[in-house]
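To keep things clear, I will list the structure first and then write my remarks on it.
Residue numbers begin at 1 in each chain, while the letters A, B, ... track the order of the sequences.
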There are 2 protein chains.
Amino acid sequence: MIASEFPVLAVLCGSAPPPDMAAIEEAAVVRYTDARGLPEALTGAQGLFVYDFLSTAVPGAWHAAGDLRWLHIASAGVDPVLFPGLVESDVVLTNSRGVFDDAIAEYVLCVVLAFAKDFARSLDLQRAGTWQHRETERVAGREVLVVGTGPIGRSIARLLRAAGLRVSGAGRRPRTGDPDFGTLHDSAQLTEHLPAFDYVVAVAPLTEQTKGMFDAAAFAAMKPSARFVNVGRGELVVTSDLVAALRGGEIAGAALDVFDTEPLPGDSPLWTMPDVLLSPHMSGDFAGWRNTLVEVFAANFRRWVAGEPLHNVVDKRLGYVPSESQGAAG
Amino acid sequence: MIASEFPVLAVLCGSAPPPDMAAIEEAAVVRYTDARGLPEALTGAQGLFVYDFLSTAVPGAWHAAGDLRWLHIASAGVDPVLFPGLVESDVVLTNSRGVFDDAIAEYVLCVVLAFAKDFARSLDLQRAGTWQHRETERVAGREVLVVGTGPIGRSIARLLRAAGLRVSGAGRRPRTGDPDFGTLHDSAQLTEHLPAFDYVVAVAPLTEQTKGMFDAAAFAAMKPSARFVNVGRGELVVTSDLVAALRGGEIAGAALDVFDTEPLPGDSPLWTMPDVLLSPHMSGDFAGWRNTLVEVFAANFRRWVAGEPLHNVVDKRLGYVPSESQGAAG
């Protein structure tokens, strides 16, 4: 095989290229680029690996993507690359479904326990050198609603149930007897169901249907003692409504790993609000995650070169991988 | 029945008497007292309810306990009342085994997750208004040693295993096939086993055998990446050795809910050490715990008045309730 027979693969990665690319470089002409160089790198490329998965550079370089057949993104959410030009094209879109599931589930259990055990207050008191006994909450038996029924939501449901919480889900297809959620409520009727839950976890994909679904009406429907956890996308939430709900005591707390603007601007009131726990979009990023992301890409790359069906093919109209087509990579 | 036929019950409670005592007051002459009044309250009393379970006043009032037949303590650990005068007497000692188990297990899972997810650092960064992405650890598959095989240790083992960790135990009777721990190592050979574990949880009762068991040799045997969790008694640990091990990098962190002096003195270096999480002896104290403690006492009180065998009888030579005699109350 001579070099010209190799596929051309553009890799959008900014200043930090992905690790473990040697095997791929042996089977493709690999062009590493940042956002500025993307049009040039895309010209004549058949594949695009969006390793810098929060970049919004793809739409602006789409004019150079005439030869593109496959786009793989190193994340579960595909909203940064899902624009009309891609949706209407024949380019196959695959994601990194499965990489983050269990790490995010552990993060969610961590913040649920932190709320129940008043952990942030313990740390603040420790920093102040103050010994102050308090009574805390149990988590066993508390009711959790996981909004989003993809593999991350399912992993959250399984782990929280294992830890003694009672878990239900909310999604597009309500039903009972789901193996992970038991009851799945209709996410289109969310406010009807919210009053029953002590914890509400947002992990839905960001689509036209889910954008802003957690608004004033949703927070008003929650228990005053409820805590809201967002490990999905910041844009699932109307942030000003969340701030108002926290200030007004309509809910008791929020743990947020994602924000509508990232990094979270320094003047956001969320930084200093009591009962708000912030983390910088890292809930799924366990040590070794970058290697795992490249492994997932490499497995699909081998299939692509061999002409086999790809794993984790996104339904570009839905905006996520439908569960019936999740393939062997799950 | 006239009042003189009622048993006399002394209740050591300081300024805050226990709740829910009405039913007991209908069947006993109840004398509420603080430490100073204890000798007078004990004079002629057949029962003593140590509700102020950290009080060390009992030995000093023992000269007045000539009529005492039963002492119940509102805690799992009996070390505050276990002195030679009681051990050598015929007074039956019962404890509140079972009340705290699951709440303490949730606390332990909380601090394990907090270490893995770098939660304290997230909160410090939030307080500083700093967005700083980090990679964090998984807890699934990590190895935990629970030192102490009573009901609290068993609840910890079950919950941590449910959350995906691998759990072993250490106790006086090593064996395999334990339903909660799988393998139980010999706590007399602790340093041989410690190198294998990512988390070491101390929950043994405080006895002559366990006092100071976590010393320089024990910490030196742990992994440099290990975290130590103490929800047992502060005196299980040689605190100066723990401080030195943390400073020397022999272990990576400690979460401490109990201390050899409580409240923890303001000049303790533990307050400000990095990777140390402190809480003020509250891991088991869920909302409603005081009512539950009185329920446990009241159930034993009814048995006592009826002449039935008591639950949770402590083996005063061992210093805890042996598992083979834990009775129906578990």
Side-chain angles (χ1 to χ4, degrees), chain A residues 102-103 105-107 109-140 159-164 257 259 262-268 270-272 276-290, chain B residues 102-103 105-107 109-140 159-164 257 259 262-268 270-272 276-290:
Chain A
D102 295 346
E106 291 179 355
Y107 170 91
L109 181 57
C110 181
V111 296
V112 164
L113 282 162
F115 279 127
K117 303 304 172 188
D118 206 20
F119 188 89
R121 178 88 180 128
S122 287
L123 199 66
D124 286 340
L125 288 165
Q126 178 181 345
R127 297 287 181 256
T130 302
W131 177 279
Q132 185 182 306
H133 181 275
R134 292 100 64 210
E135 296 179 356
T136 63
E137 300 168 18
R138 296 291 311 278
V139 299
L159 185 60
L160 268 56
R161 180 166 293 147
D257 188 57
F259 307 90
E262 295 180 3
L264 181 67
D267 62 356
S268 168
L270 291 169
W271 283 109
T272 54
V276 171
L277 306 174
L278 305 183
S279 51
H281 202 146
M282 58 184 251
S283 70
D285 302 346
F286 58 95
W289 68 298
R290 293 185 182 279
Chain B
D102 295 346
E106 291 180 354
Y107 171 91
L109 181 57
C110 181
V111 296
V112 165
L113 282 162
F115 279 127
K117 303 304 170 187
D118 206 19
F119 189 89
R121 179 89 180 124
S122 288
L123 199 67
D124 287 340
L125 288 165
Q126 178 181 344
R127 298 286 182 255
T130 302
W131 177 279
Q132 185 183 304
H133 181 274
R134 292 101 63 212
E135 296 179 354
T136 63
E137 301 168 19
R138 296 291 312 277
V139 299
L159 185 61
L160 267 56
R161 179 166 292 148
D257 188 57
F259 307 89
E262 296 180 5
L264 182 65
D267 62 356
S268 168
L270 291 169
W271 283 108
T272 55
V276 171
L277 306 175
L278 306 183
S279 52
H281 202 147
M282 59 184 250
S283 70
D285 302 346
F286 58 94
W289 68 299
R290 294 186 181 278

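- Donor-acceptor pairing under 3.5 Å is recorded for the side chains of B:Tyr107 and B:Ser279.
- The part of A:Thr130 that comes within reach of chain B is its backbone (N, CA, C, O), which places non-hydrogen atoms under 4.5 angstrom from that chain.
- Counting heavy-atom pairs under 4.5 Å between each of B:Leu270, B:Leu125, B:Asp124, B:Val111 and chain A puts B:Asp124 at the top.
- Residue contact with chain A, scored on non-hydrogen atoms closer than 4.5 Å, involves the backbone and the side chain of B:Leu264 alike.
- Looking at heavy atoms from C-beta onward, B:Leu277 lies in side-chain contact with A:Phe119 at the 4.5 angstrom threshold.
- Within the 4.5 angstrom heavy-atom criterion, atoms from both the backbone and the side chain of A:Glu106 approach chain B.
- In this structure, chain A has heavy atoms under 4.5 Å from both the backbone and the side chain of B:Leu278.
- Most heavy-atom pairs under 4.5 Å with chain A: of the set B:Met282, B:Lys117, B:Arg138, this distinction falls to B:Arg138.
- The candidate from B:Ala105, B:Ala116, B:Ala120 with the greatest count of non-hydrogen atom pairs under 4.5 Å with chain A is B:Ala120.
- Most heavy-atom pairs under 4.5 Å with chain B, from the set A:His133, A:Arg127, A:Gln126: that is A:Gln126.
- Nearest heavy-atom pair across B:Ala163 and B:Leu109 is CB-CD1, 3.9 Å.
- Neither the backbone nor the side chain of A:Phe115 has a heavy atom closer than 4.5 Å to any heavy atom of chain B.
- With respect to chain A, the highest number of heavy-atom pairs below 4.5 Å among B:Pro263, B:Ala287, B:Ser122 belongs to B:Pro263.
- Looking only at side-chain heavy atoms (C-beta outward), A:Phe286 and B:Glu135 stay at 4.5 Å or farther from each other.
- Taken from CG in A:Leu113 to CG in A:Leu160, the straight-line distance is 8.0 Å, to the nearest 0.5 Å.
- Remark: the backbone N or O of B:Pro265 is not paired with any side-chain donor or acceptor of A:Trp131 at under 3.5 angstrom.
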A:Val112/A:Val139 under side chain to side chain contact (heavy atoms under 4.5 Å, CB included): CA gap, chis, key distance, verdict
CA-CA 8 Å; A:Val112 164; A:Val139 299; 4.1 Å; yes

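- Heavy-atom pairs under 4.5 Å with chain A were tallied for B:Glu262, B:Arg121, B:Arg290; the largest tally goes to B:Glu262.
- Of the atoms belonging to B:Trp289, it is side-chain heavy atoms, and not backbone ones, that fall under 4.5 Å from chain A.
- Atom-to-atom distance recorded for B:Asp118:CG and B:Thr136:OG1 is 7.5 Å, nearest 0.5 angstrom.
- Chosen from A:Ala103, A:Gly284, A:Ala114, the residue pairing most often with chain B at heavy-atom distances under 4.5 Å is A:Ala103.
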